[in-house]
Amino acid sequence: MEYPLLMIVYYIVILAICVKIILDTTNTTKALIYVILVLFVPILGIILYFSIGINYRKSKMYKKKLSSDIFDHKELEEQIKLFSGNLLNQNKSTLAYFYQLANIITPKASLITINNETQLLRNGETKYPEVLLALKQAKHHIHIEYYIFENDIIGNEIANILVEKVNQGIKVRLIYDDFGSQSIRKNLIKQLKTKGVATAPFYKIKLIVLANRLNYRNHRKIIVIDGKIGFVGGINISDKYINTAPYNNKNKLFWRDTHLKITGQAVLDLQHIFLTDWNFCAKDNVPFSHDYFPTIQTDFCFGNKLVQISSSGPDSAYPNIMYALIQAILLSREEILITTPYFIPEKSYTDALMIMALSGVSIKLIIPGISDSAFVNAASNSYYQDLLEAGVQIFKYQKGFVHAKTMVCDSFVSFVGTANLDNRSFDLNFEVNAIVFDKKLSEELKQDFLYDLQDSEEIKLQEWKERPYFTQVLERIARLFSPLM
């Protein structure tokens, strides 16, 4: 009698989990995969779903963070009105047909700011001299938030400066991802703490919930100095991003990446992101005071570039970065240039590319020719034929590994940030992108793109279609699991 009763309980549990999957998972393909796993491989399927499948955008943990972020934003609302005003409408003619892009972001994610200057930084060998100089010149505070912070040459150079600035009475805070920066957890972090640097792991990994905490990571790369200078982009703190000696002695692979230095009011948004993240993961709560938002109070002119900071993750109400990218694509009229290291996008994103390519917009995409994941590369390959048939030109970068995450639309709108074109960046990771409405920066990014094309090989449609049938089948199988990547 006991055995049938256990079977009934078992089937009820399986049914309940399947119902939960269907109700909570908005991606139908993803939901179907989990349901199949739970039904046909019950133990493994249940473990996978509760480890990596639950939508933590709705979870109690991130609701707490989201509520805190909204509260802090309201505290700043009156101050923000003082310098932002009707800036969006005032620059409607400048934004032209990209006005709707700026408008879709402003109410929910970030403000548009105009008092900014930007500097494009190509690869680590260009970024880090600027970073080291800016850190050394800090007068009040340094805030750093990184997915990867390595205990290597550049990591220790930065760590030494942070300690030096603490000794000068400057407040230094460091957020590191507990998975991405695991190499510094037991050594460098302890040294920094001992010497006065405030540190906090973002969502510390614990054995009991290991899989889930590995799944939702802080992929942001932010530096804020005195509330006036900020850095954001794809380059982590690691020697492998620097292609010159002595940093590249161990890493023989050329690393192609892009970062952005911002001076001005847009840094306030980076500051806001950092502080809300800090107040979520650190033991102390930092007030949103004038000390950390000094550019609100000054009339000093940094520059005239229109900049927005777009962030998203399980702590945001919407996938803001994905929405912004799709809106920019759909508003473009002439040319779209995209560089990404990982291409496993949502269907809405590929549909947008195909619609605009079929409408006559020139679209070029640079992806890695040298990949760091065979499985991800196989899944990515399954998307290319449809895009090629629609007229999208795809190029594989051959000089090394391309890690840049950029997009340029109509030589006017530029995206530089941390988000890859995959489900993980769009929905699971904490990400941040800078959007710059400026012809000069867009032209610089375009020239970089054209330069990278010289080290890339174009994928030809006919040749691509003639790949071995077995290879295409394997790629399609890999694509089935893309919602889980």
- Item | Salt bridge flag under 4.0 Å for residues E457 and K396 | no
- Query: Any salt bridge between D452 and R122, counting N to O under 4.0 Å?
  - Reply: yes
- Message: I'd like to know whether Y342 forms a side chain to side chain donor-acceptor pair (under 3.5 Å) with N423, so could you lay out the CA-CA distance, the side-chain angles of the two residues, the decisive distance to 0.1 Å, and finally the verdict.
- Response: CA-CA 10 Å; Y342 307 107; N423 181 64; over 6 Å; no
Which class fits the ring pair [X] and [Y]: parallel under 30°, tilted 30 to 60°, perpendicular over 60°?
{"X": "F288", "Y": "F293", "result": "parallel"}
{"X": "W278", "Y": "F274", "result": "parallel"}
{"X": "W255", "Y": "F401", "result": "perpendicular"}
{"X": "Y323", "Y": "Y318", "result": "tilted"}

Can I get a per-line list of side-chain donor-acceptor pairs under 3.5 Å for residues 153-164, giving both atom names and the distance, sequence neighbours left out?
{"unit_1": "N156", "atom_1": "ND2", "unit_2": "N151", "atom_2": "OD1", "d": "2.9"}
{"unit_1": "N156", "atom_1": "ND2", "unit_2": "D152", "atom_2": "O", "d": "2.7"}
{"unit_1": "E157", "atom_1": "OE1", "unit_2": "Y247", "atom_2": "OH", "d": "3.3"}
{"unit_1": "E157", "atom_1": "OE2", "unit_2": "Y247", "atom_2": "OH", "d": "2.8"}
{"unit_1": "N160", "atom_1": "ND2", "unit_2": "N156", "atom_2": "O", "d": "3.1"}

[X] [atom1] to [Y] [atom2] distance, which is reported to the nearest 0.5 Å:
{"X": "I223", "Y": "I237", "atom1": "CD1", "atom2": "CD1", "answer": "5.5 Å"}
{"X": "L330", "Y": "Q100", "atom1": "CG", "atom2": "CD", "answer": "10.0 Å"}
{"X": "T126", "Y": "H259", "atom1": "OG1", "atom2": "NE2", "answer": "12.0 Å"}

- Message: Let's go through E125 and T244 carefully: what are the C-alpha distance in whole Å and the side-chain angles of both, what is the deciding distance for side chain to side chain donor-acceptor pair (under 3.5 Å) to 0.1 Å, and is it a yes or a no?
- Response: CA-CA 7 Å; E125 56 268 26; T244 54; 5.3 Å; no
- Query: K405 and N420: side-chain donor and acceptor closer than 3.5 Å?
  - Reply: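 The answer is yes; a qualifying pair exists.
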- Is it the case that Y97 and D410 place a side-chain donor and acceptor less than 3.5 Å from each other? yes
- Message: Is the distance from the ring center of Y241 to that of Y128 below 6.0 Å?
- Response: no
- Message: Looking only at the aromatic ring of each residue, does the gap between the centers of H141 and Y292 stay below 6.0 angstrom?
- Response: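 So the answer is yes for these two rings.
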- salt bridge (Lys or Arg N to Asp or Glu O under 4.0 Å) between E335 and K446: does it pass, once the steps are laid out? CA-CA 10 Å; E335 182 183 63; K446 180 176 179 177; 3.2 Å; yes
- Query: Under the salt bridge (Lys or Arg N to Asp or Glu O under 4.0 Å) criterion, do E443 and K439 qualify, and how do the steps go?
  - Reply: CA-CA 6 Å; E443 186 59 33; K439 290 182 179 179; over 6 Å; no
Contact between [X] and [Y] at the side-chain level, heavy atoms closer than 4.5 Å - yes or no?
{"X": "I367", "Y": "I394", "value": "yes"}
{"X": "L325", "Y": "L421", "value": "yes"}
{"X": "N433", "Y": "I309", "value": "no"}

- Message: I want to check a possible cation-pi pair here: R220 against Y147, using under 6.0 Å from ring centre and within 45° of the ring axis as the test.
- Response: no
- Item | Distance under 6.0 Å and angle within 45° of ring axis: K221 vs Y146 |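 Relative to the ring axis of Y146, which defines the angle, K221 lies outside at least one limit.
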